[in-house]
Amino acid sequence: MAVTAGIKEYQLLIDGQFVPAASGETFETLNPTTNEVIGRVARAGKEDVDRAVRAARRAFDDGPWGRMTPNERARRLRRVAEIMRERQEELARLETLNCGKIIVESRMDVASAANCFEYYANLAGQIWGETIPMNGPLLDYTVREPYGVCGQIIPWNFPILMAAWKLAPALAAGNTVVLKPASYTPITALLLGQICLEADIPEGVVNVLPGPGNEVGAAICEHPMVDKIAFTGETETGRQILRLSAGTIKKVSLELGGKSPNIVFPDANLEEAVNGSLFAIFSNAGQRCTARTRLFLHESIHDRFMDDFLAKAGKIRIGDPLDDSTQMGPLVSRRQCERVLSFVERARSEGAELRLGGKRPEKADLQRGNFVEPTIFDLVRNDMSIAREEVFGPVLSVIPFRDEEEVVALANDTIYGLAATIWTSDVKRAHRLAARIRAGNISINYPVVNPPEAPFGGFKQSGIGRELSRHALDLYTQVKNVVVGLSEEVFDWYGRWPGGR
Ligand code: NAD
């Protein structure tokens with residue numbers, strides 16, 4: 001990766017080599033804090049997709065990767081984790097420079113990404129099938145085999161972590177990968193590709209192609225040599241991915257959007273609920289699929305809760321994300337910033353009561369970046385657009401409720417079903433609600449949790465499949481059934497079949 005006049009040049013990773021795009025085209029990648037150019041990145045196109053997919057195909061069909069023992073694969077995945085830890089500060093800084101995430105969160109993301117590789121290294125030797133009792137002299141067993149070439153398409157809000165969530169289980173299971181990072185945030189995924197090479201993962205096993213979604217992403221979904229697509233991004237893009245993958249009946253897993261409820265009952269520890277709810281909406285400047293964007297407050301505690309919540313939200317330190325004391329950085333792009341502000345305008349025109357923020361901060365040193373203040377709307381109705389559509393920014397809708405029945409109905413009244421949080425000290429109520437809320441990830445008296453050990457994914461239009469945990473291995477392996485005839489009797493097509501029919 002060369003440096004010209006302070007701007008780094010990044011190339012595509014294809015077949016173990018960093019190469020320019022076939023077209024020679026590049027695009028600029030920016031620092032959202034200043035909107036200055038920090039890198040010039042090779043812009044992949046269809047031809048590059050074809051080159052990368054063919055390399056991944058060869059690496060799967062003929063390369064050493066498929067023949068390695070699980071232990072040999074695991075050793076390399078562990079090495080990836082080690083290198084990430086050794087380079088944590090560098091990777092975290094680049095993540096912050098490219099996506100605007102505060103440095104404290106970037107460090108956590110790099111650490112979590114390393115943990116993810118280690119977790120799947122430990123599972124590489126634990127991918128096994130079943131022996132199935134048969135009604136006759138037959139031995140029947142299943143094995144789980146990798147799909148082959150996996151196309152993986154990821155968003156910009158957790159660039160290195162999403163890359164790890166995708167790569168680690170796919171590689172542990174023995175697949176090869178063509179990974180497409182989001183156009184806004186290509187840098188750390190390319191570095192992770194380089195780290196995979198350093199860790200002795202063979203050429204062609206990991207290919208990384210930054211480029212526009214509707215061209216590069218679409219070409220990956222349509223390529224006949226790709227066996228499986230794993231996508232994280234908006235629900236609308238997920239629909240397109242399904243359509244594009246239909247032509248070749250690809251196996252598809254999707255992690256999509258959310259509009260997750262956060263429910264506070266009067267018997268909750270309110271201080272804990274206030275602090276947890278702040279984190280659940282304003283961490284990563286609200287740009288998380290699991291952001292708890294609808295805060296349901298029981299009417300009896302609404303005012304008390306809001307006094308404390310607004311006071312603390314008003315003190316969130318917005319600023320340079322490289323500064324350790326900053327709590328909220330900029331949004332990823334100017335476009336995202338404008339999109340978020342247009343949601344704010346719509347919410348106001350629909351009658352929601354703006355209690356905090358709703359604009360860009362006025363401080364002079366923040367004008368070049370894509371900053372939006374923490375924004376809180378109160379007395380929102382669940383049928384307003386601000387409570388229905390994914391804003392993907394630091395914007396919260398507060399919705400008062402009267403009783404459990406009402407809040408369950410409101411929480412479930414959404415096309416999404418990614419996550420939910422319940423704050424209560426009544427253990428019966430907590431589990432009753434956990435059962436009734438239609439979402440893939442429920443947290444009780446805890447804001448957000450996605451460690452590699454726990455499955456992650458959405459009900460309804462929030463996705464298909466579960467990432468992380470042992471479940472992710474199901475996304476990257478397919479079941480093969482093997483039946484063995486044990487009888488000495490000769491098989492007779494028109495007569496008796498040993499083992500019965
Ligand atoms: P996006 O859907 O715009 O883009 C995601 C990726 O898809 C990018 O790499 C993009 O280039 C690519 N893409 C775009 N159009 C494509 C097409 N037609 N064919 C193939 N690929 C295409 O999403 P985003 O704006 O980058 O990220 C934010 C979204 O991601 C939010 O909706 C958020 O909820 C979601 N998200 C979900 C999870 C989850 O696990 N459920 C996690 C993080 C983010």
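Here, residue 1 is the first one in the sequence, and each next residue gets the next number. Counting starts at 1 for both ligands and their atoms, in listed order.
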Between [X] and [Y], a side-chain donor and acceptor under 3.5 Å:
{"X": "S277", "Y": "N262", "result": "yes"}
{"X": "T290", "Y": "S260", "result": "no"}
{"X": "N412", "Y": "R438", "result": "no"}

Worksheet entry | Derivation and outcome, side-chain hydrogen bond (donor to acceptor under 3.5 Å, both in side chains), residues K460 and S462 | CA-CA 5 Å; K460 302 197 266 182; S462 287; over 6 Å; no

If you have a sec, work out which protein heavy atom is nearest [atom] and how many Å separate them, to one decimal?
{"atom": "atom 35 (C) of ligand 1", "value": "G233 O, 3.2 Å"}
{"atom": "atom 11 (O) of ligand 1", "value": "K180 NZ, 2.9 Å"}
{"atom": "atom 28 (C) of ligand 1", "value": "F392 CE2, 3.5 Å"}
{"atom": "atom 15 (N) of ligand 1", "value": "T237 CG2, 3.3 Å"}
{"atom": "atom 44 (C) of ligand 1", "value": "N157 ND2, 3.3 Å"}
{"atom": "atom 38 (C) of ligand 1", "value": "C289 SG, 2.9 Å"}
{"atom": "atom 27 (O) of ligand 1", "value": "P155 CB, 3.2 Å"}

Please could you name the atoms of ligand 1 that [X] approaches to less than 4.0 Å, counting only its heavy atoms?
{"X": "T232", "value": "5 (C), 36 (N), 37 (C), 38 (C), 39 (C), 40 (O), 42 (C), 43 (C), 44 (C)"}
{"X": "L244", "value": "19 (N)"}
{"X": "F456", "value": "39 (C), 40 (O)"}
{"X": "P181", "value": "9 (O)"}

Between [X] and ligand 1, which part of the residue brings a heavy atom under 4.0 Å of the ligand: side chain, backbone, both or neither?
{"X": "Y184", "result": "neither"}
{"X": "I153", "result": "side chain"}
{"X": "E234", "result": "both"}
{"X": "I241", "result": "side chain"}
{"X": "F158", "result": "neither"}
{"X": "I154", "result": "backbone"}
{"X": "L256", "result": "backbone"}
{"X": "T235", "result": "neither"}

Any non-hydrogen atom of [X] lying under 4.0 Å from ligand 1?
{"X": "A218", "result": "yes"}
{"X": "T290", "result": "no"}
{"X": "G457", "result": "no"}

Worksheet entry | Distance-only N or O hit between ligand 1 and Q240, under 3.5 Å |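 The answer is yes, given that Q240 and ligand 1 share an N or O pair closer than 3.5 Å.
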
Worksheet item: Could an N or O of ligand 1 be found under 3.5 Å from any N or O of W156, whether backbone or side chain?
Response: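 Between W156 and ligand 1, an N or O pair is found under 3.5 Å apart.
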
Worksheet entry | Salt bridge R335-E338, side-chain N to carboxylate O under 4.0 Å |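 Here R335 does not pair with E338 in a salt bridge, since their nearest N and O are not under 4.0 Å apart.
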
Fill in: Lys/Arg-Asp/Glu bridge criterion (N-O < 4.0 Å) met for K46, E222
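Looking at E222 together with K46, the answer is no, because their closest N to O distance does not fall below 4.0 Å.
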
Worksheet item: Is the distance between the ring centroids of W165 and F456 less than 6.0 Å?
Response: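 Between F456 and W165, which both carry aromatic rings, the centre distance is below 6.0 Å.
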
Discussion item. Could you check, using the six-membered ring where one of them is a Trp, whether F392 and W156 have ring centers closer than 6.0 angstrom?
Written reply: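 So the answer is yes for these two rings.
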
Item to complete: Check each of R346, R294, K259, R339 against E389 using the salt bridge (Lys or Arg N to Asp or Glu O under 4.0 Å) test, and report the only one that passes.
Response: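 So the option named by the test is R346.
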
Worksheet item: Take atom CZ in R93; do more than 12 heavy atoms of anything else shown fall under 6.0 Å from it?
Response: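 For R93, atom CZ is not crowded (no more than 12 foreign heavy atoms under 6.0 Å).
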
Discussion item. I want to confirm something. Looking only at heavy atoms, which of E390, Q152, E236, E215 is nearest to atom 31 (C) of ligand 1?
Written reply: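 Closest candidate by heavy-atom distance is E390.
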
Practice prompt. Return the option from P212, G211, G213 holding the heavy atom at the smallest distance from atom 21 (N) of ligand 1.
Written response: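 Going through P212, G211, G213 one by one, G213 has the nearest heavy atom to atom 21 (N) of ligand 1.
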
Discussion item. Using the rule given for side-chain hydrogen bond (donor to acceptor under 3.5 Å, both in side chains), can you reason through T188 versus E95, listing the C-alpha separation, both sets of side-chain angles and the distance that settles it, and then say yes or no?
Written reply: CA-CA 6 Å; T188 49; E95 191 80 322; 2.6 Å; yes

Item to complete: List the steps and the verdict of side-chain hydrogen bond (donor to acceptor under 3.5 Å, both in side chains) for R292 and T421.
Response: CA-CA 8 Å; R292 303 319 198 242; T421 296; 2.8 Å; yes

Item to complete: Return yes when at least one protein heavy atom is under 4.0 Å from atom 18 (N) of ligand 1, and no when none is.
Response: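 At least one protein heavy atom is under 4.0 Å away.
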
Worksheet item: Does the T176 side chain pair with the main chain of V205, one donor and one acceptor, at a distance under 3.5 Å?
Response: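 A pair under 3.5 Å: no.
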
Practice prompt. Decide yes or no on salt bridge (Lys or Arg N to Asp or Glu O under 4.0 Å) for D109 and K101, but give the supporting numbers first.
Written response: CA-CA 10 Å; D109 286 1; K101 179 185 295 270; 2.9 Å; yes

Practice prompt. Applying salt bridge (Lys or Arg N to Asp or Glu O under 4.0 Å), run through E215 and R43 and close with a yes or a no.
Written response: CA-CA 10 Å; E215 194 180 329; R43 179 188 186 279; 3.4 Å; yes

Worksheet item: Roughly how far apart are Q240 CD and E234 CD, rounded to 0.5 Å?
Response: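 If we round to the nearest 0.5 Å, Q240:CD and E234:CD are 9.5 Å apart.
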
